[in-house]
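Before any comments, here is the structure.
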Amino acid sequence: MLVRFGETWHAWSVFAKMPERDVFSWNIMVGGYGKAGLLEDALDLYHRMMWAGVRPDVYTFPCVLRSCGGVPDWRMGREVHAHVLRFGFGEEVDVLNALVTMYAKCGDAVAARKVFDGLQLFLNMLQDEEMNGLAVKMGFATDAAFCNSLIQMYASLGMMGQARTVFSRMDTRDAMSWTDMISGYEKNGFPDKALEVYALTEVNNVSPDGITIASALAACACLGRLDVGVKLHELSESKGFMGYILVANALLEMYAKSKHIDKAIEIFRCMPEKDVVSWSSMIAGFCFNRRNFEALYYFRHMLADVEPNSVTFIATLAACAATGALRSGKEIHAHVLRCVIGSEGYLPNALIYWYVECGQIGYAWAQFCVHGTKDIVTWNTMLAGFAAHGHGDTTLSFFNQMVKIGECPDEVTFIALLCACSRGGMVSEGWELFHSMTEKYSIVPNLKHYACMVDLLSRAGRLMEAYNFINEMPISPDAAVWGALLNGCRIHSHVELGELAAKYVLELEPNDAGYHVLLCDLYADAGRWDKLGRVRKTMREKGLDHDSGCSWIEVKGVVHAFLTDDASHPQIREINTVLEGIYERMKISGAPVESHSPEDKQVSKDDIFCGHSERLAVAFGLINTRPGTSICVTKKQYTCQSCHRILKMISNIVRRDVIVRDSKQLHHFKDGSCSCGDEGHG
DNA sequence: TTAGGGTTAG
């Protein structure tokens, strides 16, 4: 009784005073600790039960295995598996199901499958009509507890077809049967089907409990289905589930993923108690809504309240990566090392990705080297990192090394590879890799691969070849594919083809400011001021010119943000002095500085003082960081051509690496050239 | 009138 009210500690004191304890009382205690989330305690209690010489029964195992899967503790799970066999429960479906789920949660798919296969014969008998009839007659083939157990097992192995068969065979389904189906579909990547099943609960007058609602909300979050989500919110309120932390957390997630982060904040603030999931969901929610600084702010506040876990760190590192926050990320890295969870799941990959995004390819490499078990994501992150920093040859040789040790590339691998070829101007290598996708690795190229190929060809000046390539694509091209051609036309000043590409791009993405700017750059470079004026007018009409530039740089852990023509920074005088000095040195070196303005095509002071935010941020970095260190700036928008040109020169003049992460890609400027391989940038 | 279904990252 006390356990049911969540008073585990109180229950323990009663339990401890009991003169005699049978397997029944032990089961209640082990189950109670498990349900209260005190998984380690539940396992400890199970050990004590064993030492006390109590013989476990059929109820003991699902309960203790659930805790093993929840930790997850694979070694303990195996130990319990041995007990299952020793005590003769090796043929109990409910126990075997719990074993399958436990192994699945511990990431041991092989063992899960092995246990499952042992059951297959029995399950096949149920598929057989005669046996099924017999089972029905005996009253257990449609028994809710038994069937729920089967559904869970099938769902944990991703066999939703079988789960559905069992589900439809049932006479009476309880809330758990419905929840199993909803969460099964959601977890196996069919959130739409999950919501279809949820809709049936309404038709069938099923009363959903908190877990049912949370599972349906997860599916809403996945699909961004705010309409269903809001109904579930109302239902939760009417049923009094809002105080249930699981439901409140699922609601946060749903609102954040449906782009209603303010509603998520409202719910979060009303929560009397917040756990690690609530905080992590908010951090991830801010990232999802591109409010990365708030994500970092919440992370700092969280530390005073609850202990972060690996999910928290992964979400926070994503915010650090998006903002180029090197110092904050390093703090997290230190936390990770202290908490000894550095090798947990996806976390090492998140660290590599964050170092890459902050322009620290060397540290990313060091992190890669110390990372124990590398999966395909680890390799892909590193490959993409080398590609982004302009190390084309390294990317390809690294790929060969990867294949040599037996790692099988996936579709993401080829995006990184084609990107590297494109930036390094390696056309024949790019073609070869593109063909090898289907011929050697049976990977069907998707839109991203096609966009990479168009980028590769058009950057190399093979504009007609790129155009023909698009026309021969087996799938219809998206804006990114035409955008790559437009960019190539801009680099090689091919106005006519560029206009054609722009026509398709703007049909598909009529309100994308970046593509409009690209077209402006094409006209500006070709000196077509009349047409440039017309595009600018369209942008004004569409309200695309209001998004003024914003760049920021982190210096000594403090983020300094700059807007276009920003004169508000306390160091603005020094910034202007630095820019002026660079301008003087450019003049001396005779650098061919071109202007955006039609009147003045010669070296112009306007170039250096154009007020674009990234230049202000870079100049600020030059003043406030040690000589020789690299300068990392993050920009919210697309870097304009003029800035790109100037930044190349700055990197040459000051002999420092300048890294600018804009909305499209990473630019690593070094000794007068850029990693993006954009030769047309001047 | 004991178990088994659940939320966060990628």
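Values below: every heavy atom of this structure, side chains too, minus hydrogens, waters and symmetry copies. In what follows, chains are A, B, ... by sequence order, proteins preceding strands, each numbered from 1.
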- Would you kindly check whether a donor in the side chain of R66(A) faces an acceptor in the base of dG6(B), or vice versa, at under 3.5 angstrom? yes

Closest to the [X] side chain, choosing from [options]:
{"X": "D57(A)", "options": "dA9(B), dT2(B), dG5(B)", "answer": "dT2(B)"}
{"X": "P62(A)", "options": "dG4(B), dG6(B), dA9(B)", "answer": "dG4(B)"}
{"X": "N309(A)", "options": "dT2(B), dG5(B), dT8(B)", "answer": "dT8(B)"}
{"X": "V277(A)", "options": "dT7(B), dA9(B), dG5(B)", "answer": "dT7(B)"}

Practice problem: Flag the pair F268(A) / Y298(A) as yes when their ring centroid distance falls below 6.0 Å, and as no otherwise. | Solution: yes

Using a cut-off of 4.0 Å on non-hydrogen atoms, how would the nucleic acid contact of [X] be classed: base, sugar-phosphate, or nothing?
{"X": "A155(A)", "value": "nothing"}
{"X": "S280(A)", "value": "base"}
{"X": "S25(A)", "value": "nothing"}
{"X": "D209(A)", "value": "base"}
{"X": "A214(A)", "value": "nothing"}

Between [atom2] on [N] and [atom1] on [X], what's the gap in Å once rounded to a whole number?
{"X": "E186(A)", "N": "dT8(B)", "atom1": "CD", "atom2": "P", "result": "7 Å"}
{"X": "Y346(A)", "N": "dG10(B)", "atom1": "OH", "atom2": "P", "result": "8 Å"}
{"X": "M181(A)", "N": "dG5(B)", "atom1": "CE", "atom2": "P", "result": "16 Å"}
{"X": "K187(A)", "N": "dG6(B)", "atom1": "NZ", "atom2": "C1'", "result": "7 Å"}
{"X": "D22(A)", "N": "dT1(B)", "atom1": "CG", "atom2": "C1'", "result": "14 Å"}

Residues that [X] engages under side chain to side chain donor-acceptor pair (under 3.5 Å), provided they are two or more places apart:
{"X": "Y255(A)", "answer": "H233(A)"}
{"X": "T413(A)", "answer": "N380(A), D410(A)"}
{"X": "S25(A)", "answer": "D22(A)"}

task: Run the salt-bridge test on K193(A) and E196(A) with the 4.0 Å N-O cut-off and return the result as yes or no.
output: no

Those residues at least two apart in sequence (or on a different chain) that pass ring-ring contact (aromatic ring centres under 6.0 Å, His included) with H449(A) are none

Applying ring-ring contact (aromatic ring centres under 6.0 Å, His included) to Y46(A) and not counting sequence neighbours gives H83(A)

Sorted by number, residues from residues 240-259 of chain A placing a heavy atom under 4.0 Å from DNA chain B are Y244(A), L246(A), N249(A), E253(A), K257(A)

